[in-house]
Amino acid sequence: MAWFILGYSFFWYENLNDHRILLIYKKLFKLHGPQGWWPLSSIQNNYHSADYNYPKNNQQIFEICVGAILTQNTNWHNVEKAIQNLKIQNLLGPKKILKSNKKIILEMIKPSGYFNQKYKKLIYFSDEYLSWKGNIPSRSILLDIWGIGPETADSILLYAYKKRHFVIDSYTKKIFSNLQIIDKKKSYDDVQKYFEYNLPRDINIYQEYHALIVAHAKCYYSRFVAGKSCPLQSI
DNA sequence: AACCAGGACGTGA
DNA sequence: TCACGTCATGGT
């Protein structure tokens, strides 16, 4: 009986087969080229296209984590200002954030919006980050931190720690529901499973794909265009 | 001048 | 579980 239940669940996974996921990745790459995520302030123009050998040190790892938290429902341009502020004040580190005056940090991260909540998130995260002592956190450890949801956790794992977790964001759902490939109502984990099942186990593809989705959505899924002229519709 | 950005949490049903 | 309100700045 146990074997039957196990077999049934494998059968369900078989149903996830969809060759379009990889086809779309290739098409997006041709359309937009390598994106160079995650953007880092220490790099010329922030982006490091086609160079996947990042982050190179703990400073950059922590910056990616901070960026992932600050960019929640926020334009990246505003996040860059906040990160620059922290960096100029020499506050872009877990210990520095923890021991700094709250009013100073609030002032520095103000441009990224939701600054009261995000201050709290940075404090909780920095405290946890130090407790790892340089080790890579698991997904559930990240999710247990107040202020870290599935997308932020996967962004941190994928871009800061190079762990193969596919990132799902609102753009992903917008594009792929517009193409009628995924259902809008599907949960984060179900959509993630769908992508991961249909992609090669390649960290670079995971990193590029999410970045390409964001780039593509900015081109073809603004509130005025809303996906009508999306070149992926031919697939 | 509204509308929205690379979400997550708290609450009530 | 889930639908909805809340958090907040800055660009278009």
Side-chain angles (χ1 to χ4, degrees), chain A residues 25 28 32 34-41 45-49 54-55 63-86 102-126 128 137 139-161 165-178 182-192 195 206-227:
Chain A
Y25 169 73
L28 285 176
H32 306 288
Q35 295 300 300
W37 275 35
W38 189 278
L40 286 161
S41 63
N45 302 123
N46 292 8
Y47 296 91
H48 45 94
S49 297
Y54 285 95
E63 180 180 321
I64 293 172
C65 298
V66 169
I69 292 169
L70 294 184
T71 197
Q72 290 172 357
N73 200 35
T74 299
N75 192 318
W76 179 254
H77 182 62
N78 287 5
V79 178
E80 282 182 326
K81 292 180 182 172
I83 288 180
Q84 273 306 322
N85 288 341
L86 290 170
K102 180 177 181 179
K103 289 173 74 175
I104 303 288
I105 302 289
L106 284 176
E107 194 60 34
M108 297 303 106
I109 67 172
K110 193 171 181 180
S112 70
Y114 309 116
F115 48 80
N116 287 310
Q117 285 194 347
K118 283 175 178 173
Y119 171 77
K120 201 162 108 182
K121 294 177 183 183
L122 289 182
I123 292 295
Y124 283 131
F125 179 81
S126 297
E128 278 293 311
R139 189 174 194 259
S140 65
I141 290 235
L142 287 169
L143 290 176
D144 282 343
I145 304 172
W146 187 89
I148 309 283
E151 185 187 337
T152 309
D154 288 330
S155 295
I156 288 173
L157 289 166
L158 179 61
Y159 292 106
Y161 292 104
H165 293 249
F166 199 85
V167 176
I168 307 298
D169 68 338
S170 55
Y171 288 148
T172 312
K173 287 191 176 179
K174 197 181 286 185
I175 293 176
F176 287 83
S177 63
N178 178 253
I182 65 149
D183 185 348
K184 253 184 244 173
K185 296 184 297 181
K186 287 285 185 189
S187 71
Y188 183 99
D189 289 352
D190 280 346
V191 179
Q192 182 187 48
F195 276 87
Y206 275 51
Q207 291 194 340
E208 283 291 4
Y209 206 159
H210 174 62
L212 285 166
I213 284 170
V214 174
H216 188 71
K218 284 175 178 171
C219 289
Y220 297 102
Y221 287 80
S222 72
R223 58 182 146 144
F224 304 109
V225 196

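Note that the structure is a prediction, hence the values are computed from the model and not measured. Proteins get letters first, then strands, A, B, ... in listed order; numbering begins at 1 in each.
Side chains of A:Trp76 and A:Ile83 form a contact here, defined as non-hydrogen atoms less than 4.5 Å apart. The side-chain heavy atoms of A:Ile105 and A:Leu86, taken from C-beta on, include a pair separated by under 4.5 Å. Inter-residue side-chain proximity for A:Pro34 and A:Glu208 is flagged as met; some heavy-atom pair is nearer than 4.5 Å. In this structure, A:Val214 and A:Lys218 have side chains that are in contact, with non-hydrogen atoms separated by less than 4.5 Å. Proximity of A:Pro150 to A:Gln192: side-chain heavy atoms (C-beta onward) are nowhere separated by under 4.5 Å.
Remark: P of B:dG6 and OH of A:Tyr206 are 23 Å apart, rounded to the nearest angstrom. We find that CG of A:Leu70 is positioned 14 Å from C1' of B:dA5, with the value rounded to whole Å. As a whole-Å value, the separation of A:Lys218 NZ from B:dA5 C1' is 9 Å. Taking atom OH of residue A:Tyr209 and atom P of nucleotide B:dG6, one finds them 19 Å apart after rounding to whole Å. Atom CD1 in A:Ile156 sits about 13 Å away from atom C1' in B:dG6, given to the nearest Å. Distance CZ (A:Phe125) to C1' (B:dG7): 16 Å, rounded to an integer number of Å. With rounding to whole Å, A:Leu28 atom CG is found 15 Å from B:dG6 atom C1'. Between the C1' atom of B:dC9 and the CG atom of A:Asn116 lies a distance of 15 Å, rounded to the nearest Å.
Contact between A:Gly113 and A:Lys118 at its shortest, heavy atoms only, is O-CD, 3.3 Å. The two residues A:Lys173 and A:Lys186 have their closest heavy-atom pair at NZ-O, 3.2 Å.
Rounded to the nearest Å, the gap between the P atom of B:dA1 and that of C:dC7 is 23 Å. Separating the P atom of B:dG10 from that of C:dA8 is a span of 14 Å, rounded to the nearest Å. Taking atom P in both C:dA3 and B:dG6, the straight-line distance is 25 Å, to the nearest Å.
Checking side-chain atoms of A:Thr172 against main-chain N and O of A:Asp169 turns up a donor-acceptor pair under 3.5 Å. With hydrogens and angles disregarded, a donor-acceptor distance shorter than 3.5 Å links the side chain of A:Tyr188 to the backbone of A:Ile168. Under the 3.5 Å distance criterion, the side-chain polar atoms of A:Thr71 are left unmatched by any main-chain donor or acceptor of A:Ala68. Remark: the backbone N or O of A:Leu158 is paired with a side-chain donor or acceptor of A:Gln207 at under 3.5 angstrom.
Sequence order on DNA chain B of the closest nucleotides to A:Lys120 and A:Tyr171 puts A:Tyr171 first from the 5' end.
Here chain A contacts DNA chain C (any atom closer than 4.0 Å to a heavy atom, that is under 4.0 Å), and the contacts span C:dC7 to C:dT12 from 5' to 3'.
In this structure, A:Lys174 reaches the sugar-phosphate backbone alone: every heavy-atom distance under 4.0 Å involves primed, P, OP1 or OP2 atoms, never a base.
The stretch residues 141-155 of chain A has no heavy atom under 4.0 angstrom from DNA chain C at all. Of the residues in residues 74-84 of chain A, those with a non-hydrogen atom less than 4.0 angstrom from any atom of DNA chain C are A:His77, A:Asn78, A:Lys81.
Residues A:Tyr171 and A:Tyr221 place their aromatic rings such that the two centres sit no closer than 6.0 Å.
Taking the side-chain hydrogen bond (donor to acceptor under 3.5 Å, both in side chains) definition, one finds that A:Thr152 meets it with A:Gln72, sequence neighbours left out. Taking the side-chain hydrogen bond (donor to acceptor under 3.5 Å, both in side chains) definition, one finds that A:Tyr114 meets it with A:Asn73, sequence neighbours left out.
Scanning atom types as modelled, one donor and one acceptor separated by under 3.5 angstrom connect the side chain of A:Asn73 and the base of B:dG7.
A:Ser170 has a side-chain polar atom (N or O) that falls below the 4.0 Å cut-off from OP1 or OP2 of B:dG7.
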| Pair A:Ile156-A:Ile64, side chain to side chain contact (heavy atoms under 4.5 Å, CB included): steps then yes or no | CA-CA 7 Å; A:Ile156 288 173; A:Ile64 293 172; 5.7 Å; no

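Using a 5.5 Å limit on the distance between ring centres and a 30° limit on the angle between planes, the aromatic ring of A:Trp38 does not count as stacked on the six-membered base ring of B:dG6.
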Which pairs, protein N/O on one side and nucleotides 1-4 of chain B N/O on the other, fall under 3.5 Å?
residue: B:dC3; atom: O4'; partner: A:Arg223; partner atom: NH1; Å: 3.4

